[in-house]
Amino acid sequence: MTGFPQIRLRRLRRTERLRALVRENQVQVGDLVYPMFVVEGRGIKQEVTSMPGVTRFSPDRLPPEIEEITRLGIPAVILFGIPQHKDEAGSSAYDPEGVVQQSVRTIKQAAPELLVITDVCLCEYTSHGHCGIVVEDRVDNDKTLPLLARMALSHAEAGADMVAPSDMMDGRVRTIRQELDKNGFSDISILSYAAKYASAFYGPFREAAESAPSFGDRRSYQMDPANAREALREVEQDIAEGADIIMVKPALAYLDVIRQVRNTYNCPLAAYNVSGEYAMVKAAVQKGWLDEKAVVMETLTAIKRAGADVILTYHAKDFAAWKADER
Ligand code: PBG
């Protein structure tokens, strides 16, 4: 028997029972992390124009939203802060009373079991919108490191379970790990945005987080989209420096990178289904050009099939609600 007509691959596609039996990959709600934007102030609940369905909350308005997220069975959120005050050194980022620090405390009170991950990066907090300290129009790597460590520590002190550096400075995982360990937080894990590309797909996020750079772009620190081997070097470094989970970002245009990282390393792997990927789906759905549920299911499954264990996605709440309906 060497093939057709004895072999017919369609046999196992005949019914949904058969297809489910041999299905290789399945996304579960338990794989998802829901990204949230928290704004300093009171009584704020506003939708992000370019990300329909995504809302920015002030800390006092978080509890009902957190209850919904917990009820849907989503295991984790990642927080991005929008401060009232921005300066050259991003000082609101490591203020113990900062918006993320306040939000972590509020969330831990409302839902102690929900995993709270915090994004560690200065871009939302600096007046120039770059991810580090600027010296003569250049982002200075080594001057930025202690500030990132201070920011991560203040998140841990507020009660975060995991910190996620997204700045792309060299050596930040090691610096953060040392600072956490020195201060008694050796159990707090690091999710490193190891291979983060300088991507145009972050556009809507920058509106949501008010974090677009005021001059230049991020190509001197984020990766060149043309490179895949370099992603493996980034991942290798971050694992050596103590990252617990590594991430590839964005997801969809970088599925090959996700697969190569998965094949090369045994570290848990996350992928970020970013704002631009979400906005494209939403825009087409609003025009009636795509079937939202089908497209989101297919997309998230593809990210999983590429090798991601964890998926950060703005579709998390919708996905969880659809899964609940299926039961
Ligand atoms: C901060 C950060 C960005 C994103 C996550 N963390 C924006 C950027 O690097 O400009 C993008 C997330 C998204 O697009 O959904 N550095």
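Computed from a predicted structure; not experimentally measured.
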Counting only heavy atoms not in N263, do more than 12 sit closer than 6.0 Å to its CG atom?
yes

For P225 and A198, which heavy atoms make the closest approach, and how far apart are they?
CG-O, 3.6 Å

Would you call L312 and I117 a side-chain contact if the rule is heavy atoms closer than 4.5 Å?
no

Quick one: closest heavy-atom pair of A110 and I66, and the distance?
CB-CG2, 4.2 Å

Where is the tightest heavy-atom contact between A271 and I258, given as atom of each residue plus distance?
CB-CD1, 3.6 Å

Full working for side-chain contact (heavy atoms from CB on, under 4.5 Å) between K317 and I69
CA-CA 7 Å; K317 281 170 59 185; I69 289 166; 4.2 Å; yes

Taking only distance into account, with no hydrogens and no angle test, what donor-acceptor pairs under 3.5 Å do side-chain atoms of residues 228-236 form with protein atoms, sequence neighbours excluded?
residue: E230; atom: OE1; partner: N227; partner atom: ND2; Å: 2.6

Considering residues, nucleotides and ligands other than Q109, do more than 12 of their heavy atoms fall under 6.0 Å from its CD?
no

Is it possible for you to check whether K196 lies under 6.0 Å from the centre of the six-membered ring of Y272, through NZ or CZ, and within 45° of that ring's axis?
no

Side-chain heavy-atom pair L300, T313 within 4.5 angstrom cut-off:
yes

Can you find a heavy atom in the side chain of S189 that is under 4.5 Å from one in the side chain of I245?
no

Applying the salt bridge (charged side-chain N to carboxylate O under 4.0 Å, His left out) criterion to R56, which one of E65, E210, E207 satisfies it?
E210

So does E24 have more than 12 non-hydrogen atoms from other groups sitting under 6.0 Å from CD?
no

Nearest heavy atoms of P5 and R11, plus distance in Å
O-NH2, 4.1 Å

Between N183 and F185, is there a donor-acceptor pair closer than 3.5 Å when you use the side chain of the first and the backbone of the second?
no

V134 side chain near E88 side chain, heavy-atom distance below 4.5 Å:
no

What's the shortest heavy-atom distance between L180 and A152, and which atoms?
CD2-O, 4.1 Å

Do Y193 and Q222 have side-chain heavy atoms sitting under 4.5 Å apart?
no

Side-chain heavy atoms nearer than 4.5 Å, only ILVMFWY residues, links allowed to pass through others: does that put M162 and L115 together?
no

Would L72 end up clustered with L32 when hydrophobic side chains under 4.5 Å apart are linked, directly or stepwise?
yes

Calculate, to the nearest 0.5 Å, the distance between atoms CD1 and OH belonging to I303 and Y254 respectively.
13.5 Å

Flag side-chain contact, heavy atom, 4.5 Å: T106 against P63:
yes

Ignoring hydrogens and angles, tell me if any N or O in the side chain of R172 forms a donor-acceptor pair with the backbone of L148 under 3.5 Å.
no

Apply the test side-chain contact (heavy atoms from CB on, under 4.5 Å) to residues Q101 and E97: give CA-CA distance (whole Å), side-chain angles for both, the deciding distance (0.1 Å), then the verdict.
CA-CA 6 Å; Q101 291 82 350; E97 291 308 313; over 6 Å; no

Taking all atoms of both residues into account, what is the closest heavy-atom pair of R19 and R13, and its distance?
NH1-O, 2.7 Å

Between V139 and C131, does a side-chain contact (heavy atoms from CB on, under 4.5 Å) hold up when you go through it step by step?
CA-CA 8 Å; V139 176; C131 302; 5.8 Å; no

Looking at K249 and E277, is there a salt bridge between them, counting it only when a charged N and a carboxylate O are closer than 4.0 Å?
no

Answer yes or no: is there an ion pair linking E68 with R71, defined by an N-O contact shorter than 4.0 Å?
no

Counting only heavy atoms from other residues, nucleotides and ligands, does the tally under 6.0 Å from CD of E136 exceed 12?
no

Expected output: side-chain S92 to main-chain H85 donor-acceptor under 3.5 Å:
yes

Working to the nearest 0.5 Å, report the span between CD of E157 and CD1 of I188.
11.0 Å

With a 3.5 Å distance limit and no angle check, can you tell me whether T301 reaches the backbone of Q26 through a side-chain donor-acceptor pair?
no

Say you draw a straight line from CZ of R23 to CG of L18; how long is it, rounded to the nearest 0.5 Å?
11.0 Å

Spacing of R138 atom CZ and Y221 atom OH [to the nearest 0.5 Å]
12.0 Å

Quick one: does V257's side chain get under 4.5 Å of Y197's, heavy atoms only?
yes

Does D244 reach the main-chain N or O of I190 with its side chain, forming a donor-acceptor pair under 3.5 Å?
yes

Salt bridge K293-D318, side-chain N to carboxylate O under 4.0 Å:
no

Pair S192-D238, side chain to side chain donor-acceptor pair (under 3.5 Å): steps then yes or no:
CA-CA 7 Å; S192 141; D238 284 7; 2.4 Å; yes

Supply the atom-to-atom distance H155 NE2 to D119 CG, rounded to the nearest 0.5 angstrom.
8.5 Å

Using a 6.0 Å distance limit plus a 45 degree cone around the ring axis, check whether K282 lies over the aromatic ring of Y314.
no

Before you tell me yes or no, could you show the steps for V274 and F205 under side-chain contact (heavy atoms from CB on, under 4.5 Å), namely the whole-Å CA-CA distance, both residues' side-chain angles and the distance that decides it to 0.1 Å?
CA-CA 8 Å; V274 300; F205 173 96; over 6 Å; no

Counting distance only, does the side-chain N/O of K86 pair as donor-acceptor with the main-chain N or O of E124 below 3.5 Å?
yes

Applying a strict under-4.5 Å side-chain criterion to I, L, V, M, F, W and Y, I'd like to know whether W289 and V296 cluster together.
no

Is the backbone N or O of T55 less than 3.5 Å from a side-chain atom of Q46, with the two atoms forming a donor-acceptor pair by type?
no

Same hydrophobic cluster for F215 and M168, using side-chain heavy-atom links shorter than 4.5 Å among ILVMFWY?
yes

Has the side chain of R259 got a donor or acceptor atom that lies under 3.5 Å from a matching backbone atom of R305?
yes

Got more than 12 heavy atoms from elsewhere within 6.0 Å of CG, D325?
yes

Taking C-beta and beyond as the side chain, do V39 and V99 meet within less than 4.5 Å on heavy atoms?
no

Find out if a path of hydrophobic residues (ILVMFWY) with successive side-chain heavy-atom gaps under 4.5 Å connects W322 to V27.
yes

Just list the side-chain donor-acceptor pairs under 3.5 Å for residues 75-83, sequence neighbours left out, or say none.
none

Ignoring hydrogens and geometry, is there a side-chain-to-backbone donor-acceptor pair from K108 to E113 under 3.5 Å?
no

When rounded to the nearest 0.5 Å, the distance separating CD of Q28 from CG of N25 is 11.0 Å

Between S58 (side chain only) and G43 (backbone N and O only), is there a donor and an acceptor less than 3.5 Å apart?
yes

